Number of protein chains: 2
Amino acid sequence: MTAHVFDIKGLKTSCQNCSLAELCLPLGLDQVDVDRLDEIVRRARPMNAGDHLFRTGDAFRSLYAVRAGSVKVYSLDADGEEQILGFHLPGELLGMDAISGKAHACSAKVLETTSVCEIPFERLQELSLRLPSLQSQLFRLLSQEIIHDEAMLLVLGKKPAEERLATFLLSLSERFHRRGFSATEFNLSMSRHDIGNYLGLAVETVSRLFRRFQDDGLLEVQRKHILITDLPRLRAMVHMCDHAEQGTAH
Amino acid sequence: MTAHVFDIKGLKTSCQNCSLAELCLPLGLDQVDVDRLDEIVRRARPMNAGDHLFRTGDAFRSLYAVRAGSVKVYSLDADGEEQILGFHLPGELLGMDAISGKAHACSAKVLETTSVCEIPFERLQELSLRLPSLQSQLFRLLSQEIIHDEAMLLVLGKKPAEERLATFLLSLSERFHRRGFSATEFNLSMSRHDIGNYLGLAVETVSRLFRRFQDDGLLEVQRKHILITDLPRLRAMVHMCDHAEQGTAH
DNA sequence: CGCAATATTGACCACTCTCAATGAGGGTGG
DNA sequence: CCACCCTCATTGAGAGTGGTCAATATTGCG
């Protein structure tokens, strides 16, 4: 078992990936606890773009933590129309909306080569009965997911297209930055279509906004590649004082 | 202490109100556990329309369960613009988005004469370490809140005004019905302005839609009073197969 | 009884969607 | 290695849903 743990550590330091343990480290779990956590986590093979982590209707068994790559979570309504609920980057947890049911209500699709940790929820729940700070962290993570969704409700309910895209770019920027990447230069793993879908906009609108932002000197866009050239002004567009988003964000 | 419990029971049976214990009853807690739960719940005085349960920035200490009346939860963005995140009816829990922080990120305002139970979260958390099914139920409730918010994301992101209002009315209908009230006749405790705000629509649009629905024979509206005259057709408009919403819904 | 807040209704306008055409990459097979 | 194709992205023109502004009702409350 110890070998197992060391193995994980190697992974951790080598490629910025994560596990639930990592999500919980800030919370004062001691090393023994972290090891116990690591024991229940299944480290999955890398997946390819287009693969599904789970689909609507699949039995719910586990949460997933993204270690590398990115995942989009979406639901389909009665008409078969897709609504993207979030994009998950390394260090973020997903699948929490399935806890209250027996089956997943959403689907999760991998956007690029991605590796995830699978965390069997039953065992996590048992373990958290014995580790108060784990229980506490789980409540916190669930709550953060709520906060994220509520922030999106504000965006979709009140903000014009321009501000929606700015908010989206800033969210990515912050999340990359938190993971030790550049806050101003990154690649989008999702298509324009996906961005539009997520933000409640048509693809064409997204495209036009990218052009406008570029013309306004806010950023340089080349296909999937984004270079933010005026972060302060982008922030000013959003005008926001909220700070949600910490470990589970989309 | 037993007297206390009896006291609560009297309340419960007399006026359809709720407590956390009630939310947890379906889950196989035995009577002793329920009593323990009841012990930590503070039964608050009734509040008047316009009163705040909590405001943005207030220290987070408790969750609240609505026993009678209704509550709107909203956040303010940087511009001071309000976004209503949900309406809570009797039997529903609120405040869960504050768990991950020290302070409330939203405000909760009472829409009419309302009574709530206050549930100190610290104590709830401690108790749930000893009662696995309580822990499990809490996870479930958090998760349902996420599901509700995600359903709203679909509505705000993809649905036209007409369908938004239909969805809203059906949600109220189901929730009243679940509580033993009529599914087709009820009073709106919130203003047109609030409805529009919640649904991402202008007040005027809401007003026009009520008229159209009435002209189309879907319902009869008289100010706050709603009589749904063609529930099946209202359902058809929404076309939905989702069934979320169980204890915490808005 | 009268003022203030809320709701309704109408006219106009704008943001964004839809439709349609063009252009650019990326992968596959010849 | 290039040609082809298919998907994705961009760009333009026109249309429509829903927002804004403004005036008028209605209700509730002091």
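So you know, we letter chains A, B, ... as the sequences are listed, proteins then strands, and number each from 1. Computed from a predicted model, the values in this text were never measured in an experiment.
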Distance-only donor-acceptor pairs under 3.5 Å for side chains of residues 153-165 of chain B, two or more places apart:
{"residue": "Lys158(B)", "atom": "NZ", "partner": "Gln83(A)", "partner atom": "OE1", "Å": "2.8"}
{"residue": "Lys158(B)", "atom": "NZ", "partner": "Asn197(A)", "partner atom": "O", "Å": "2.9"}
{"residue": "Lys158(B)", "atom": "NZ", "partner": "Asn197(A)", "partner atom": "OD1", "Å": "3.4"}
{"residue": "Lys159(B)", "atom": "NZ", "partner": "Asp77(A)", "partner atom": "OD2", "Å": "2.3"}
{"residue": "Lys159(B)", "atom": "NZ", "partner": "Glu163(B)", "partner atom": "OE2", "Å": "3.4"}
{"residue": "Glu162(B)", "atom": "OE2", "partner": "Arg212(B)", "partner atom": "NH1", "Å": "2.6"}
{"residue": "Arg164(B)", "atom": "NE", "partner": "Lys159(B)", "partner atom": "O", "Å": "2.8"}
{"residue": "Arg164(B)", "atom": "NH1", "partner": "Leu199(B)", "partner atom": "O", "Å": "2.8"}
{"residue": "Arg164(B)", "atom": "NH1", "partner": "Gly200(B)", "partner atom": "O", "Å": "3.4"}
{"residue": "Arg164(B)", "atom": "NH2", "partner": "Leu156(B)", "partner atom": "O", "Å": "3.2"}
{"residue": "Arg164(B)", "atom": "NH2", "partner": "Lys159(B)", "partner atom": "O", "Å": "3.2"}

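- Backbone-only contact: Arg211(B) has heavy atoms under 4.0 Å from sugar-phosphate atoms and none from a base.
- For Thr205(B), the listed nucleotide lying nearest its side chain is dG18(D); candidates were dC17(C), dT16(C), dG18(D).
- Of all nucleotides listed (dT9(C), dT16(C), dA9(D)), dT16(C) comes nearest to the side chain of Ala161(A).
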Listed pairs, N/O of protein and of nucleotides 25-29 of chain D, under 3.5 Å:
none

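- You won't find any donor-acceptor pair under 3.5 Å spanning the side chain of Arg212(B) and the base of dT9(C), going by distance alone.
- Ring pair Phe54(B)/Phe60(B): centre-to-centre distance not below 6.0 Å.
- Nucleic acid contact for Gly196(B): none, since no nucleic acid atom lies under 4.0 Å from a heavy atom of the residue.
- A distance of 6.0 Å or more separates the ring centres of Phe186(B) and Phe181(B).
- For the 3.5 Å distance criterion, the side chains of Glu220(B) and Thr229(B) fail to qualify, holding no donor opposite an acceptor.
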| task | Could you walk me through whether Glu82(B) and Lys72(B) pass the salt bridge (Lys or Arg N to Asp or Glu O under 4.0 Å) test, one step at a time? | result | CA-CA 11 Å; Glu82(B) 173 176 318; Lys72(B) 85 171 180 188; 3.1 Å; yes
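- For Glu204(B) and dC21(D), a side-chain-to-base donor-acceptor distance below 3.5 Å is present, hydrogens and geometry of angles not being considered.
- With hydrogens and angles left out, the side-chain atoms of His225(A) and Glu185(A) include a donor and acceptor closer than 3.5 Å.
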